[in-house]
Each structure stands twice: as structure tokens, then as C-alpha cells.
Amino acid sequence: MKKLYRNARLQDTAECQDILVEDDKFAAIAPHLEAADAVVIDLGGKLTVPPYVDPHIHLDYVYTARQEGATNQTGTLFEGIQRWSETKADATTEEIKQRARKAVREEVTAGVQYIRTHADVTDPSQTSLTALLELREELKDIVTIQIVAFPQEGMYAYKGGDELVEEGLRMGADCVGAIPHFELAREFGEKSVHKAVELALKYDKLIDLHCDETDDDQSRFLELLTALTYQAGIGELTTASHTCSFGSANNAYAFRLMKTLVRAKLNFISCPTENIYLEGRQDSYPKRRGLTRVKELHDAGINVCFAQDSISDPWYPLGNGNLMNVLDAGIHIAQMMSFDEIDHALDLITINGARTMHILDQYGIEAGKPANFIVLDADSPFEAIRQRAGVIRSVRGGKELFTKIPAKVQSGFSLLA
Ligand code: FE2
């Protein structure tokens, strides 16, 4: 089966390109292609980019924000954890899958094709992980899912937490997680970072830590994670999620650490909508923004991407899987709005996320790679960001996942029609 997509506006070429897809792969990309036996689809000069990547979400938590007992009254991270802890016993595998499917549908219909989800493994029955492992297989034709064995309630806050993480890896999780800033003492937090690195090496897994998700400028687990993974030569396989405290650290400390981060080649995930909502809760004024040093990390050549994190769970009431919303918030909060930054902003929810997920071998609009791409209702990267353009087509493995008809204004006034 051949398809020829004509008039695709790619991110880095001013001239529109034709894209030839054969079976499930890109066959050729050039200003003008001919293929007599291909189905021809005209993309009309619309912006065509690799699919959105959501590298950090909790699919086991979605749509639980208003469940009885789950409502977070203070809006803090720590009450969110407490609410989940008190209510999670009610969850079943089927119920989690049902909620997660709905969230995947929201994400995929907004242009996402790659998701890294955390699965809470601090539950001896492994209900979350079982549900998400089944879903990873069930939904693989429409979305690629990576799973983090994530100890939401800590590895050492109670007996056997570290063993549950290890069990999660043996069950088939792709990444090791930890939450050092939630452990009962700094020493236990450090122990959990050591354990995460040890497990990653033992089972040949990626690492993604909830790391320093606090305004406490003394929370410095990022430093240890960076040093350990750098020494082990696995910095590129490692992700530090959140790192909010790095946004509060003093500049002398940040200057020194930044040099190690560059050498280690760590990946960073910032969740702008969640962290501006959750952090700064103990501040009066001035009130901090709660984000890590997104712009400074990016300017230093470090890989940074944005993620949704929550869809209506005890940590964040909103969220709809539309990465364009997340990007819009992120570039405002991080003040990444020079014209050059806006022109390249889509990288924060596309290729940078793919680099974090370590899937670059299968990602991108290049001959020989899987024919996965989305089309935005805009004529250029700048207009896509300015208009918060929607996704009007998503193609995966050469098949149309969906097409959307953009809303059309009807009016008797010629200016408005
Ligand atoms: Fe998270």
C-alpha cells in the first residue's frame, strides 16, 4: 500500500514537501514526488511534524480527583499523595484500565502517539502495574507506552518498598522510578537514588525519578542522581522529572551543578501546569513559579521536555492530554518566547520527549522510519504556537488514526465568515 501526502509544511524547510509512505514506513521525502500507484492526499501546506510525546503521566490516577475522599483541599503535592494513599485500595485492574483508556483517547486524539506513564508499585497486589502492562499491549497499534515502576509512597518509608519496585521491573516495567524527596529522611532519599541506579544496571532499564519536586532549596537529590549515572555511563538513559527545587537553588550552586548536568547528558521533564499549581504553596509573596530552570537547562544544551503529568487526579484538577496547552503554559512560565524559541517550541513536546524516552531510532519524519506523524491546523511553527493550533490528522504506521475537521465560523458578516 502506497500513500503520497502532498504539500506538507515541515518544521525546518520553507518549501512544502511531498511524503511517500510505503506500507508502514516513510519511503521518501522531497519537494516533488511521483508514485503512479499511490493514493494521493493533499495536506494543503499545513504544518506536519512527528507525533506529540507525553513523557510523564500517571495513567493509573486519571479522573480520580472528585472520587470520595480523594479531593485535595490544600493543593499541595503532599496532600495529593495522602489522598491517593487513602483511596487507592478501591481501585481494581479493570477500573484502572477503563479510566486509562479514556485518558489515552484524550491524548491520542490531541496528537500524542508516545506516552511514558508511571505505575504506582507501592501496592503488594500490583494492581496499577498489572492494568498498565495489559494496556501497553492492548493499545500498541495506536500508542507506544513505556511504564515506570514508581514507588509513589517511597522505597524506604515502609518495609519492602524497594522490593516492590524490583518486582515491578521483573513484571515488565521499562523504567525504574523513585521519589527521594518523599522519603522520611534525606539519608533514605539518597538510599533510594542509589537503589534506583543499582536496579537500572541490574535489569538494563531506563531511569525516571520524581526528583526534588519541592520548593525546598535544600532538596538536592538531582546532584546525587547525576553523579551516580554519570559515573555509571548511563546519564543519557536517565531522566530527572520535576526538579522544582533546582528553580529555587542559589545561583552559585546551580552554576556548579549545571556543568555536571551537561557532562552527564541527563534528560529533564518539566510539568508546567501541575508544578505552577502545586508549588509555591508555602510562599506568601513573592510567590515562586515552581518550575525547574527550563530555559537555562535548554540554553546549556541539556535535553528538556514538557509533560502533562495529571489528568484530573488528587494532584491537579484539570488536564486533558492536549500537549499544546502544556506547551503554551510552559513557554510562558519559563519565559521562552523569543521568536527563535517560539519557532522551535514544538521540540519541547516532540523530539525532546522522544530523546527522553530513548526512541529516536523509530521517531522522526525520515525515510526508513515508521510513518508516524501529525498535521496541525497552521501554516508554520510560529503560527501553530500563536494560535494554539489543533491537530487535524494523525498517521501511525502509515494508517490514519484520525482526521479532524477544524471548526468553521458561520456569519453573515464577511469579515467574520
Ligand atoms: Fe508525576
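Predicted model only: the values in this text are computed from it and were never measured. All ligand and atom numbering here is 1-based and tracks the order in the structure.
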> Quick check: does His58 have an N/O/S atom under 2.8 Å of the Fe ion (ligand 1)?
Replying inline: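 Yes - counting backbone and side chain alike, His58 has an N, O or S atom under 2.8 Å.
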
>> At a threshold of 2.8 Å, where the distance has to be below it, does the Fe ion (ligand 1) have an N, O or S atom of Cys271 nearby?
In response: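 No - counting backbone and side chain alike, Cys271 has no N, O or S atom under 2.8 Å.
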
> NE2 (His210) to the Fe ion (ligand 1) to NE2 (His56): angle, nearest 10 degrees?
Replying inline: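 Answer comes to 90°, rounded to 10°.
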
Determine, for [X] against [Y], whether the closest basic-nitrogen to carboxylate-oxygen distance falls under 4.0 angstrom.
| X | Y | value |
| --- | --- | --- |
| Arg396 | Asp141 | no |
| Lys195 | Glu198 | yes |
| Arg9 | Glu383 | no |

> Among the N, O or S atoms that Asp309 has, which is closest to the Fe ion (ligand 1)?
Replying inline: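 Relative to the Fe ion (ligand 1), the closest nitrogen, oxygen or sulfur of Asp309 carries the name OD1.
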
> Quick one: do the Lys88 and Thr64 side chains pair a donor with an acceptor below 3.5 Å?
Replying inline: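 Not at all, the side chains of Lys88 and Thr64 share no donor-acceptor pair under 3.5 Å.
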
